[in-house]
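Some notes on the structure that comes next.
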Amino acid sequence: MSDKKTSSKASIENIYLLDGKVPFWRSIPFGLQHVLAMFVANIAPIMIVAGISGLTTQDTASLIQTAMIVAGIGTLIQLFTIWRIGAKLPIVMGISFTFVSVFCYVAPRWGYGAVIGAVLVGGVIEAILGFFAKYWRKIIAPIVSACVVTAIGFSLLSVGANSFAGGAGSADFGSVENWILGTVTLICCICFNIFAKGHLKQLSVLFGLVVGYIVALCMGKVDLSALENVSVISLPEIMPYKPVFNLNAIISVTMIFLVSATETIGDTSAMTNTVLGREATDKEISGSLACDGLISSISACFGCMPITSFSQNVGLLAMTKVINRFTIATGAGILILAGIFPAFGAILATLPEAVLGGCTIMMFGNIVVSGLQMIGSCGFTQRNITIAALSLSIGLGFTQVPDMFNIFPTIIRTIFAENCVAVVFIAAIIMNLIMPKEKKAQS
């Protein structure tokens with residue numbers, strides 16, 4: 001009753017309530033923080049796959065624009081739902097890194113059209129599976145989701161470290177300048193969180209990004225060439241690439257959709273556990289998966305890659321506890337505007353990787369801790385300890401030595417050799433099915 005009474009009046013304090021009313025203008029910084037947390041990670045997979053597919057710079061720019069619009073729409077659907085599609089939770093959507101490795105296998109062999117055709121089919125399959133999630137979710141026990149969330153966190157640590165050093169493959173990777181930018185940004189985030197009062201503490205990431213960006217400008221580390229010859233308004237084109245329905249590509253990509261579905265279950269479970277203090281319901285899991293699949297197929301219709309829940313933003317939610325749906329919706333609106341008005345997105349795209357890395361390294365650590373907390377909440381029975389220990393050691397250990405997978409067919413190597421989340425998922429599922437049940441937890 002008290003929550004309803006509090007949420008009936010617009011107040012900045014309602015940012016900690018799922019359905020509280022928050023003054024529009026005061027909600028913008030919190031929404032912008034979510035956009036900045038995922039912006040570079042949202043466009044990086046496109047740049048990687050576009051490069052391997054031989055697309056032009058103009059094609060790549062169009063795909064980035066489309067990605068922002070579709071990610072914003074997908075986030076709004078997760079927040080407010082359409083029929084049974086969407087979880088009605090503060091889930092932020094974006095282009096998935098999970099598919100990059102398989103697309104780098106598919107695109108050179110069968111072309112970018114095969115990528116689009118496979119995403120169209122795979123998205124529909126995931127959406128259908130989402131509607132029936134309550135029937136097959138039983139095999140994905142809480143301990144399996146907890147292991148997957150932990151693996152997601154560990155897999156992102158290298159992404160944060162690469163960003164901190166300036167971005168993998170950059171000419172100045174690991175330079176003194178990047179170390180300075182990453183360190184200054186991280187220190188600003190920590191200091192702001194320590195010294196700020198009340199709800200302002202939750203803007204620590206935004207504060208760190210702003211200070212880091214200003215320092216980068218002073219150091220000449222901001223590339224403003226992206227702002228040249230930018231049109232005022234531009235809309236994405238429907239079916240810019242002809243889809244090719246190659247069976248090998250469809251099978252390969254659909255397998256990754258199943259892994260992505262597990263990540264979405266893990267993200268949704270992590271979010272409800274850490275910020276709502278409860279397990280995710282069947283309806284929420286089903287809605288989030290259906291949204292993942294549907295919005296991915298829609299993304300393919302505009303020539304873009306799959307859209308899924310963003311672990312980066314789950315980490316931000318865990319750190320700030322700002323879960324208000326209206327507040328997150330302002331971030332979705334900013335994403336859509338960034339796509340419609342290319343200049344807006346071009347400005348955000350000038351954010352140096354090292355500045356982003358200074359913030360994300362802390363957020364990704366929060367995901368690891370969230371996963372460990374979920375493992376703890378499952379109970380430290382011998383069974384759960386064995387499942388967690390073995391799945392994580394196999395998943396994290398084996399994928400650090402990808403040559404171990406050389407005896408397997410190429411498609412198996414592509415999916416599992418360097419994808420610790422996929423290996424942890426498979427190992428945890430198998431262990432959960434074969435190990436006998438236990439009732440009492442050890443003290």
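T272 places a side-chain N or O within donor-acceptor distance of the main-chain N or O of A280, the cut-off being under 3.5 Å. Not one N or O on the side chain of N432 forms a donor-acceptor pair closer than 3.5 Å with the backbone of I143. Side-chain atoms of S299 never come within 3.5 Å of backbone atoms of I307 as a donor-acceptor pair (strictly under, hydrogens ignored). The main-chain N or O of A427 is never found under 3.5 Å from a side-chain atom of S391 such that the two would form a donor-acceptor pair. In terms of modelled atom types and a separation under 3.5 Å, the side chain of Y112 and the main chain of G303 share a donor-acceptor contact. Here the side chain of N246 pairs a donor or acceptor atom with the backbone of A249 at under 3.5 angstrom. When atom types are taken as modelled, the side chain of Q78 and the backbone of S288 share a donor-acceptor pair closer than 3.5 angstrom. With hydrogens and angles ignored, the 3.5 Å screen pairs a side-chain donor or acceptor of S53 with a backbone N or O of V49. For R325 (side chain) and L79 (main-chain N/O), a donor-acceptor pair under 3.5 Å exists by modelled atom type. Distance alone, capped at 3.5 Å, places no donor-acceptor pair between the S286 side chain and the K283 backbone.
Y16 and V322 make their closest contact through CE2-CG2, 4.3 Å (heavy atoms, listed as atom of the first residue, atom of the second, distance). Between L120 and S297, the closest heavy-atom pair is O-OG, 3.0 Å. What you find for I46 and A67 is that their closest heavy atoms are CD1-CB, 3.3 Å. The two residues A133 and I285 have their closest heavy-atom pair at CB-CG2, 4.3 Å. Counting all heavy atoms, side chain and backbone alike, V423 lies closest to G395 at CG1-CA, 3.6 Å. F326 and S27 get closest at one heavy-atom pair: CE2-OG, 3.8 Å.
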Please walk me through it: do T281 and R278 pass side-chain contact (heavy atoms from CB on, under 4.5 Å)? CA-CA 9 Å; T281 66; R278 61 171 176 80; 4.0 Å; yes
Output, in order, the C-alpha distance, side-chain angles, deciding distance and verdict of side-chain contact (heavy atoms from CB on, under 4.5 Å) for L294 and V124. CA-CA 6 Å; L294 177 68; V124 171; over 6 Å; no
Run L89 and L276 through side-chain contact (heavy atoms from CB on, under 4.5 Å) and show every step you take. CA-CA 10 Å; L89 292 172; L276 297 179; 3.8 Å; yes
Derivation and outcome, side-chain contact (heavy atoms from CB on, under 4.5 Å), residues F24 and T327: CA-CA 8 Å; F24 174 71; T327 299; over 6 Å; no
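Rounding to the nearest 0.5 angstrom, the gap separating the SG atom in C304 from the OH atom in Y241 is 9.5 Å. For the atom pair CG of L63 and CE of M305, the computed distance is 9.0 Å after rounding to the nearest 0.5 Å. To the nearest 0.5 Å, the span separating CG on L181 from CG on L186 amounts to 12.5 Å. Atom OG1 of T264 sits about 11.5 Å away from atom CZ of F310, to the nearest 0.5 Å. Note that CD1 of I125 and CG of L258 are 8.0 Å apart. Values are rounded to the nearest 0.5 Å. Distance check: I323 CD1 to F30 CZ gives 13.5 Å after rounding to the nearest 0.5 Å.
The closest side-chain heavy-atom distance from L289 to F132 is not below 4.5 Å. Between F164 and W179, some side-chain heavy-atom pair lies under the 4.5 Å cut-off. Within the 4.5 Å cutoff, the side chain of Q65 has heavy atoms near those of the P236 side chain. Counting heavy atoms from C-beta outward, F173 and N178 have side chains that stay 4.5 Å or more apart. A 4.5 Å side-chain heavy-atom check between V222 and Y213 finds at least one atom pair inside the cut-off. Between P90 and M271, some side-chain heavy-atom pair lies under the 4.5 Å cut-off. Side-chain contact check for E353 versus S170: every heavy-atom pair is 4.5 Å or farther apart. Using a 4.5 Å heavy-atom cutoff, the side chains of V102 and M255 are not in contact.
When only modelled atom types and interatomic distance are considered, S62 and D59 share no side-chain donor-acceptor pair under 3.5 Å.
The 12-atom threshold is exceeded at CG of L217, counting heavy atoms of other residues, nucleotides or ligands nearer than 6.0 Å. Residue L433 qualifies as enclosed at atom CG: its count of foreign heavy atoms under 6.0 Å is above 12.
Taking the six-membered ring for Trp and thresholds of 30 and 60 degrees, Y105 and W110 have ring planes more than 60 degrees apart, a perpendicular arrangement.
Checked against a 6.0 Å centroid threshold, the rings of F257 and F99 count as neighbours.
Residue pairs meeting the salt bridge (Lys or Arg N to Asp or Glu O under 4.0 Å) criterion with at least one member in residues 232-258: none, sequence neighbours excluded.
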